[in-house]
Student: 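Take a look at this one; I'll ask things after.
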Number of protein chains: 2
Amino acid sequence: MKAANKHSKIIHAATKVFAKKGFFNARISDIAKEAKVADGTIYLYFNNKFDILISVFEEEIGALIEQVKKLLDSEDDPREMLAVFAKNHLSVMKKNKHLAEVIQIELRQSAKLIKDYRNNKFSEYVDIISTIIKLGQEQSIYRASIRPGIAKRAFFGALDEISRVWTVGISTEYSVEEATQQVLEIFLCGILEPDASLH
Amino acid sequence: MKAANKHSKIIHAATKVFAKKGFFNARISDIAKEAKVADGTIYLYFNNKFDILISVFEEEIGALIEQVKKLLDSEDDPREMLAVFAKNHLSVMKKNKHLAEVIQIELRQSAKLIKDYRNNKFSEYVDIISTIIKLGQEQSIYRASIRPGIAKRAFFGALDEISRVWTVGISTEYSVEEATQQVLEIFLCGILEPDASLH
DNA sequence: ATATAGTGAATGGCTATTCATTCATTGTAT
DNA sequence: ATACAATGAATGAATAGCCATTCACTATAT
């Protein structure tokens, strides 16, 4: 088996094991077993346990970025673009629970340990949202009073928290489609009745 | 020194240490040192390390619930109530970084380990949001199409993600006041230009 | 004097990492 | 075509260090 193949086998195994047990409870031997390699083999591809975690982020989130950017290429309405982002994010998280858990738990856990927090794949992913918002503002579709740097966090945070119930294992209270629709309704139109000010 | 006093001394020390190092990197001896007690003393008040973490949630979030409920008592406009919740949450998180980090990281970390996820203080806290939304719907101030169970997560997720930058140590891009105002603008009115549909 | 609270060194279990060895593949000489 | 050598990927048992928990002992209060 050639190197590249084994590298990604370990990455996928690690994603699965980290999601199931968490970084600190995951044993190297668990990952090795899952990847069907020897414990020592892992150290031919990674420097240490933490290095595996970082690589999981880089590769898994990198793939997510590629995917959503491709989808966004064929859209030009900023409203639709936000919808595409939300739909994609929630459906990926619903399908790939391992990735969802790693993002939700381990990414935050390790944020403290990563020095250059802004210079990583995760930030790149979230910045897609602010780019869309800025685009919408240039076209006067989104309000100029909205600060893209704050709104991107609000939007991502909403999606992330909503998808969290799926990883914790609470019985599904709502579908991906409904969750997507609700988040978009809230962000685009807010939750006020249009004539609420009359009351 | 009497029992109750020492118990809370350990809780506060643990909050500080968990925030700084994370649950798994925190040593019992760190907590003991911070609380100025012997390692063994901790086991007079808690069963084990994980029990300390659970107690931290229960007590710290419990206090947060009391505080925000008291503030909400003197409001009756659901719009204002949501504002009070956001303002309180963000200002507490900005001030009490230790609590913020414990909520953001360890809560998620431990969610996997806690069996009955819905029956805890954290859920009680987030449910305050859905209660406010339902109230607003009864008064026809909030749209009936909004699902409180989804909106509560979106709202909390937004606040949580926004406050995360303060704990990670990124230089402050925005103030508590501005963040609060932006979240409320987004949730109440959305981000669309009022006349965006004309474009 | 007894009970209760507190102490902190010692224990024991756990696991990341190492490294001497094996194995499979490729190259070279005859 | 065959034998032998060289390479480096892969292995997994052994090491070494960490740290939660315990417990025999001390201090304090009544």
Side-chain angles (χ1 to χ4, degrees), chain A residues 1-59 101-102 105-107 109-110 112-114, chain B residues 1-59 98 101-102 105-107 109-110 112-115:
Chain A
M1 182 173 294
K2 281 290 168 252
N5 193 347
K6 204 152 272 194
H7 181 91
S8 79
K9 255 179 81 174
I10 295 169
I11 288 281
H12 287 302
T15 306
K16 199 165 172 182
V17 175
F18 286 156
K20 196 165 177 177
K21 305 191 146 196
F23 178 73
F24 290 104
N25 285 326
R27 279 169 291 154
I28 291 292
S29 60
D30 292 335
I31 298 172
K33 200 178 203 176
E34 181 73 37
K36 285 174 186 144
V37 298
D39 294 13
T41 305
I42 287 177
Y43 290 88
L44 297 174
Y45 296 91
F46 302 92
N47 296 326
N48 52 49
K49 194 181 170 187
F50 189 64
D51 187 34
I52 305 174
L53 183 63
I54 300 298
S55 301
V56 165
F57 293 153
E58 295 291 307
E59 305 211 2
E101 281 204 54
V102 169
I105 301 171
E106 307 309 328
L107 180 68
Q109 178 73 250
S110 65
K112 278 203 297 276
L113 309 174
I114 301 173
Chain B
M1 182 173 294
K2 280 292 166 255
N5 194 349
K6 207 153 270 194
H7 181 92
S8 79
K9 255 179 81 173
I10 295 170
I11 287 281
H12 287 300
T15 306
K16 201 166 173 181
V17 175
F18 287 155
K20 196 168 181 177
K21 306 194 147 195
F23 178 73
F24 290 103
N25 284 325
R27 280 168 291 157
I28 290 293
S29 60
D30 292 334
I31 298 171
K33 200 180 205 175
E34 181 72 37
K36 285 174 186 143
V37 298
D39 294 13
T41 305
I42 289 178
Y43 290 88
L44 298 175
Y45 295 92
F46 301 92
N47 296 325
N48 52 47
K49 195 181 171 187
F50 189 65
D51 187 35
I52 304 174
L53 183 62
I54 300 299
S55 300
V56 165
F57 291 152
E58 296 290 309
E59 305 213 1
H98 298 316
E101 283 204 51
V102 169
I105 300 172
E106 307 309 330
L107 177 70
Q109 181 71 251
S110 64
K112 279 205 295 277
L113 309 174
I114 300 173
K115 296 259 162 136

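It should be emphasised that the depicted structure is a prediction, and the values quoted were computed from it without experimental measurement. Here is how names work: the chains are called A, B, and so on, in the same order as the sequence lines, proteins then strands, and each is numbered from 1.
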Student: Between K49(B) (NZ) and dC14(C) (C1'), how many Å, whole number?
Tutor: 13 Å
Student: Please report, rounded to the nearest Å, how far the P atom of dT21(D) is from the CZ atom of F46(B).
Tutor: 13 Å
Student: Looking at K6(B), does any N or O in its side chain come under 4.0 Å of the phosphate oxygens OP1/OP2 on dA5(C)?
Tutor: no
Student: Nucleotides 22-28 of chain D: which of its N/O atoms have a protein N/O under 3.5 Å away?
Tutor:
none

Student: Measure the distance from CG on N25(B) to P on dC19(D) and round it to the nearest whole Å.
Tutor: 8 Å
Student: With side chains defined as the heavy atoms from C-beta onward, is the minimum distance between N25(A) and F24(B) less than 4.5 Å?
Tutor: yes
Student: Enter the distance from T15(B):OG1 to F57(B):CZ here, rounded to the nearest 0.5 Å.
Tutor: 9.5 Å
Student: Quick one: K21(B) NZ to dC19(D) C1', roughly how many Å, whole number?
Tutor: 12 Å
Student: Between CD of E59(A) and CD1 of I54(A), what distance do you get to the nearest 0.5 Å?
Tutor: 12.0 Å
Student: To the nearest Å, give me how far apart CD1 (I28(A)) and P (dT18(C)) are.
Tutor: 11 Å
Student: Do K49(A) and F23(A) have side-chain heavy atoms sitting under 4.5 Å apart?
Tutor: yes
Student: If you look at every heavy atom in A19(B) and V102(B), which pair is closest and at what distance?
Tutor: N-CG2, 3.9 Å
Student: Consider the side chain of T41(A), meaning its heavy atoms from C-beta on, and name the nucleotide among dT17(C), dT11(D), dT7(C) that approaches it most closely.
Tutor: dT11(D)
Student: Between P on dT22(C) and CG on L44(A), what's the gap in Å once rounded to a whole number?
Tutor: 18 Å
Student: If you compare every side-chain N and O of Y45(A) against the phosphate oxygens of dA9(D) (OP1, OP2), does one of them come in below 4.0 Å?
Tutor: no
Student: Expressed as a whole number of angstroms, how long is the span from L53(B):CG to dA20(D):C1'?
Tutor: 15 Å
Student: Given atom CG of N5(B) and atom C1' of dA5(C), what is their separation to the nearest angstrom?
Tutor: 14 Å
Student: Give the table of side-chain donor-acceptor pairs shorter than 3.5 Å for residues 26-35 of chain A, with sequence neighbours excluded, one pair per line with atom names and distance.
Tutor:
| residue | atom | partner | partner atom | Å |
| --- | --- | --- | --- | --- |
| R27(A) | NH2 | D30(A) | OD1 | 3.4 |
| D30(A) | OD2 | K21(A) | NZ | 3.2 |
| D30(A) | OD2 | R27(A) | N | 3.0 |
| E34(A) | OE2 | K16(A) | NZ | 3.2 |

Student: Considering residues at least two apart in sequence or located in another chain, which fulfil the side chain to side chain contact (heavy atoms under 4.5 Å, CB included) criterion with D51(A)?
Tutor: F46(A), N47(A), N48(A), S55(A)
